[in-house]
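Values reported hereafter were calculated over all heavy atoms of this structure, with side chains retained and with hydrogens, waters and symmetry mates removed. Sequential numbering from 1 along the given sequence is applied to the chain's residues. In listed order, ligands and their atoms are each counted from 1.
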Amino acid sequence: DQNLLIAIDGPAASGKGTLARRLADYYHLPHLDTGLTYRAVAHRMIEHGLSLDDAEQAADAARKVDLGNLDKGALAAHAVADAASRVAVFPQVRRVLVEKQRAFANQPGGAVLDGRDIGTVVCPNADVKLYITASPEVRAGRRLRDIESRGGSARVEDILADIVKRDERDSARADSPLRPAEDAHLLDTSEMSIEAAFRAARAIIDGVL
Ligand code: C5P
């Protein structure tokens, strides 16, 4: 059996997570949502009442992250996402998490990883790199439907403002900013259903196999 390593990046609420899960399922590969590792750092710091500006404490929290024990539920909160993008600017934090992410990526058979810097930093040698985008308005609309489907409510303007702020922080940071790798395949899903995005991604991947 051959090795297949798929790197998926993109901004908040671009649909990259859903796509990554579906591709992992389809190609029978393990999947790591690397956003959860940054969220886990932020969550631990909030729980312990630590300052999100303290890079050393954040690096300590990063060392304690266990990839096998990431609690999606506790990490889903909006406040955790925002805090995650604050601790994600620290090189000390990124170094620790990237090492864990690479260990996951290098398991025999391959893997699917999604995040912001997978194609550029974590797995520059990935077999396929996808960069998933959609307009901020479309992403905000999807996030709203997501929240509503779980019984919550929110204002689309607030979601849009949060998304734009987080993208800006993720794109402007010095260490591993959000950007497509030179050899990434760009997929704008603004006008695509999940199913259509899944088909388009498969066509790209099957084209390089
Ligand atoms: O993808 P998700 O929304 O869970 O990511 C939360 C935050 O974690 C992002 O806004 C980003 O700041 C950070 N992150 C990162 N690098 C990754 C994945 C996530 O900096 N590979």
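- Side chains of Ser85 and Arg166: a donor-acceptor N/O pair is absent below 3.5 angstrom, by distance only.
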Output block, N or O contacts of ligand 1, threshold 3.5 Å exclusive:
from     : atom 1 : to     : atom 2 : distance (Å)
ligand 1 : 1 (O)  : Arg116 : NH1    : 2.9
ligand 1 : 1 (O)  : Arg116 : NH2    : 3.4
ligand 1 : 3 (O)  : Arg39  : NH2    : 3.0
ligand 1 : 3 (O)  : Arg116 : NH2    : 3.3
ligand 1 : 3 (O)  : Arg166 : NH1    : 2.9
ligand 1 : 4 (O)  : Arg39  : NE     : 2.5
ligand 1 : 4 (O)  : Arg39  : NH2    : 3.2
ligand 1 : 10 (O) : Arg116 : NH2    : 3.4
ligand 1 : 10 (O) : Arg166 : NH1    : 2.8
ligand 1 : 10 (O) : Asp170 : OD2    : 2.7
ligand 1 : 12 (O) : Asp170 : OD1    : 2.5
ligand 1 : 12 (O) : Asp170 : OD2    : 3.3
ligand 1 : 16 (N) : Arg94  : NH2    : 3.1
ligand 1 : 20 (O) : Arg94  : NH1    : 2.8
ligand 1 : 20 (O) : Arg94  : NH2    : 3.3
ligand 1 : 20 (O) : Arg173 : NH1    : 2.9
ligand 1 : 20 (O) : Arg173 : NH2    : 2.9
ligand 1 : 21 (N) : Thr34  : OG1    : 3.0
ligand 1 : 21 (N) : Arg116 : N      : 3.1
ligand 1 : 21 (N) : Asp117 : OD1    : 2.8

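- Taking CZ of Arg145 as the reference point, atom CZ of Arg150 lies at 13.0 Å (rounded to 0.5 Å).
- For the residue pair Arg94/Tyr38, the side-chain donor-acceptor check at 3.5 Å is satisfied.
- With respect to the salt-bridge test (charged N to carboxylate O, under 4.0 angstrom), the residues Asp60 and Arg63 qualify.
- A salt bridge is absent between Arg143 and Asp162; no separation between the charged side-chain nitrogens and carboxylate oxygens falls under 4.0 Å.
- Between the side chains of Asp188 and Tyr131, no donor-acceptor pair of N or O atoms lies under 3.5 Å.
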